[in-house]
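Below you'll find the structure, written out as structure tokens, and then a few comments.
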Number of protein chains: 2
Amino acid sequence: MKEVLIIEDDPEIINLLEIHLQDLSCTVIKAMDGKQGLDLALEKKPDLCILDISLPSMDGIEVCQKIRAVQNTSIIMLTAKSEEIDRVIGLEVGADDYITKPFSIREFIARVKAIFRRAKLIQESMNTESVSELSFDDLSISVEKRRVGVAGKKIELSPKEFELLVLMASHPGKSYSRSDLLRIIWGYDFDGYEHTVNSHINRLRAKIEPDMNEPKFILTTWGVGYKFNEEL
Amino acid sequence: MKEVLIIEDDPEIINLLEIHLQDLSCTVIKAMDGKQGLDLALEKKPDLCILDISLPSMDGIEVCQKIRAVQNTSIIMLTAKSEEIDRVIGLEVGADDYITKPFSIREFIARVKAIFRRAKLIQESMNTESVSELSFDDLSISVEKRRVGVAGKKIELSPKEFELLVLMASHPGKSYSRSDLLRIIWGYDFDGYEHTVNSHINRLRAKIEPDMNEPKFILTTWGVGYKFNEEL
DNA sequence: TTCTCATTTTATAAAATTTTTACATGTTTC
DNA sequence: GAAACATGTAAAAATTTTATAAAATGAGAA
């Protein structure tokens with residue numbers, strides 16, 4: 001059960017957001033000014049903060065920075081004008097996402113869901129650092145030595161190819177969207193096309209798949225992304 | 001299981017750090033002043049000390065120096081101002097890393113992990129260096145006598161070249177990044193370009209490799225660093 | 001000091017990877 | 001089936017990383 005803190009001085013918006021967050025079965029806590037919001041954030045450590053940029057008693061930017069200095073809470077910032085977003089980004093406040101008012105509830109919900117997905121992904125990827133040997137059928141991966149072999153033959157992979165393979169092979173059956181992969185492997189600040197992932201998957205497959213027309217290891221989850229075959 | 005000692009007089013910070021260190025499954029011990037911290041460090045020999053610079057009863061810098069005089073515990077120093085870091089560096093206190101308050105937990109965790117990785121690497125590099133004779137194909141290394149021969153012929157190596165060769169030849173197949181090599185061979189306080197490593201590897205290869213276009217002993221792990229050929 | 005040698009820096013060339021691009025091929029939906 | 005969209009493929013362009021050689025620096029010995 002996720003806990004969400006709304007820091008916002010407009011009661012109408014609070015109400016609106018609260019209703020829809022409860023639909024997502026989140027617990028909602030509320031603060032109507034910056035200072036109180038910061039205190040609550042530090043005390044309750046919610047999974048997500050919705051943070052308005054203009055607030056009484058303490059600016060939203062400051063609140064964001066202070067929260068981020070101490071803990072790893074996801075933050076979505078609300079701004080009235082899109083120019084403010086530039087300011088927030090320029091200051092590298094470190095929010096996870098930004099929404100300009102007025103916004104559609106549909107969009108808001110989508111973003112909240114996206115944040116939760118990301119947080120879960122990052123958490124999962126932190127856990128699997130320790131596995132050093134992976135083996136499926138005739139594919140073997142030595143994470144530490146950075147070696148990959150197919151049917152006894154040594155395969156040379158580029159850094160990105162290797163990282164993609166290790167990540168996916170560490171979580172067989174888990175589908176990663178292209179943007180998940182970009183965020184995890186390329187980093188959150190990569191700005192390029194999602195198609196880049198296709199290229200790398202394509203080259204990786206060419207190196208490890210015996211039959212390109214029927215991939216055995218790296219499968220396509222249509223409309224979603226890619227996953228490592230869980231039935232091996 | 002790693003043991004971490006926190007020496008810090010602010011209970012809030014202690015609490016914060018303790019929670020996140022426990023997430024990394026570390027055992028945490030705490031001291032709230034310099035003297036007590038020093039005693040605990042010497043008694044328990046933790047894997048890592050988190051050491052605030054301003055402390056009651058004994059300055060953090062003094063504590064750091066005294067710990068380092070006696071044992072090789074990793075130390076991360078916390079300072080309120082970035083000027084203090086200059087002072088710490090100027091005094092060559094020998095901390096492994098420095099963080100200015102306020103810091104983000106994200107960053108803190110990343111640094112702690114980095115310290116543990118380095119410690120592991122250095123520990124490993126110490127292990128097999130006790131071997132006094134190494135021999136691969138027609139390359140022979142006498143670690144004790146500091147002599148190297150290729151195809152029966154004696155080769156003169158400079159100190160850095162020799163150290164690089166011994167380290168890598170002691171751990172065939174293990175890839176070392178340029179920064180790993182700088183830290184292990186040059187020392188943690190070297191501040192120069194990673195490119196320096198290339199120069200040394202280049203000269204070392206020129207002396208021991210029969211064919212520069214296809215190195216036999218020292219191989220490049222593209223995008224990572226160098227390793228000694230494990231298939232000899 | 002002057003010389004020598006190891007080391008570091010710098011510059012440039014070469015190699016490999018990564019990203020982009022363009023287009024082909026599939027898949028879904030109406 | 002056709003339109004819209006998602007994925008596959010291959011190759012050119014751009015970027016990053018590594019190799020190599022040569023010049024500058026610095027430390028120590030004669």
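Atom set for the values below is all heavy atoms of this structure, side chains included, hydrogens, waters and symmetry mates excluded. So you know, we letter chains A, B, ... as the sequences are listed, proteins then strands, and number each from 1.
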Exercise. For A/Arg203, which contact category applies under a 4.0 Å heavy-atom criterion: base, sugar-phosphate, or nothing?
Worked result: base
Exercise. Could you give the NE2-to-C1' distance, from A/His200 to D/dT16, as a whole number of Å?
Worked result: 12 Å
Exercise. Atom CG of B/Asn198 to atom P of D/dT16: distance rounded to whole Å?
Worked result: 17 Å
Exercise. Can you tell if the side chain of A/Leu204 reaches within under 4.5 Å of the side chain of A/Tyr226, non-hydrogen atoms only?
Worked result: no
For this session: Give B/Thr196 one of three labels, base, sugar-phosphate or nothing, depending on what nucleic acid heavy atoms sit under 4.0 Å from its own.
Result: base
Exercise. To the nearest Å, how far apart are A/Ile218 CD1 and D/dT9 P?
Worked result: 12 Å
Problem set entry | Under 4.0 angstrom between A/Tyr193 side-chain N/O and D/dA6 OP1 or OP2 | no
Exercise. A/Glu194 CD to D/dG8 C1': how many Å, rounded?
Worked result: 16 Å
Exercise. Which pairs, with at least one residue in residues 145-168 of chain A and sequence neighbours excluded, count as a ring pair (Phe, Tyr, Trp, His ring centres under 6.0 Å)?
Worked result: none
Problem set entry | Short side-chain N/O contact to D/dT7 OP1/OP2 from A/Arg178, under 4.0 Å | yes
For this session: Name the nucleic acid region contacted by A/Phe190, choosing base, sugar-phosphate or nothing; use a 4.0 angstrom heavy-atom cut-off, strictly under.
Result: sugar-phosphate
Problem set entry | A/Gly192 or B/Leu157, whichever maps to the more 5' nucleotide of DNA chain C | B/Leu157
For this session: Could you list where the contact with chain B starts and ends along DNA chain C, reading 5' to 3', using a 4.0 Å heavy-atom cut-off?
Result: C/dA6 to C/dT17
Exercise. On the ring face of A/Phe228, is A/Lys174 found with NZ or CZ under 6.0 Å from the centre and within 45° of the axis?
Worked result: no
Seminar exercise, completed: Atom CG of A/Asn213 and atom P of D/dT7 are separated, to the nearest Å, by 18 Å
Exercise. Taking atom P of D/dG8 as reference, at what distance in whole Å does atom CG of A/Leu204 sit?
Worked result: 12 Å
Exercise. Any chance OH of B/Tyr193 has more than 12 other-residue heavy atoms, nucleotides or ligands included, within less than 6.0 Å?
Worked result: no
Exercise. Just checking B/Val224: base, sugar-phosphate only, or nothing, at a heavy-atom cut-off of under 4.0 Å?
Worked result: sugar-phosphate
For this session: Kindly confirm or rule out a cation-pi arrangement of A/Lys227 over A/Tyr176, judged by NZ or CZ under 6.0 Å from the six-membered ring centre and within 45° of its axis?
Result: no
Problem set entry | side chain to side chain donor-acceptor pair (under 3.5 Å) assessment of A/Ser199 paired with A/Asn202 | CA-CA 5 Å; A/Ser199 286; A/Asn202 190 228; over 6 Å; no
Exercise. Would you say A/Glu107 has more than 12 foreign heavy atoms packed within less than 6.0 Å of its CD?
Worked result: yes
Exercise. Is B/Thr220 touching bases, backbone alone, or none of the nucleic acid, heavy atoms closer than 4.0 Å?
Worked result: sugar-phosphate
For this session: Would you classify A/Ser158 as touching base, sugar-phosphate or nothing, given that sugar-phosphate means primed atoms plus P, OP1 and OP2, and contacts are heavy atoms under 4.0 Å?
Result: sugar-phosphate
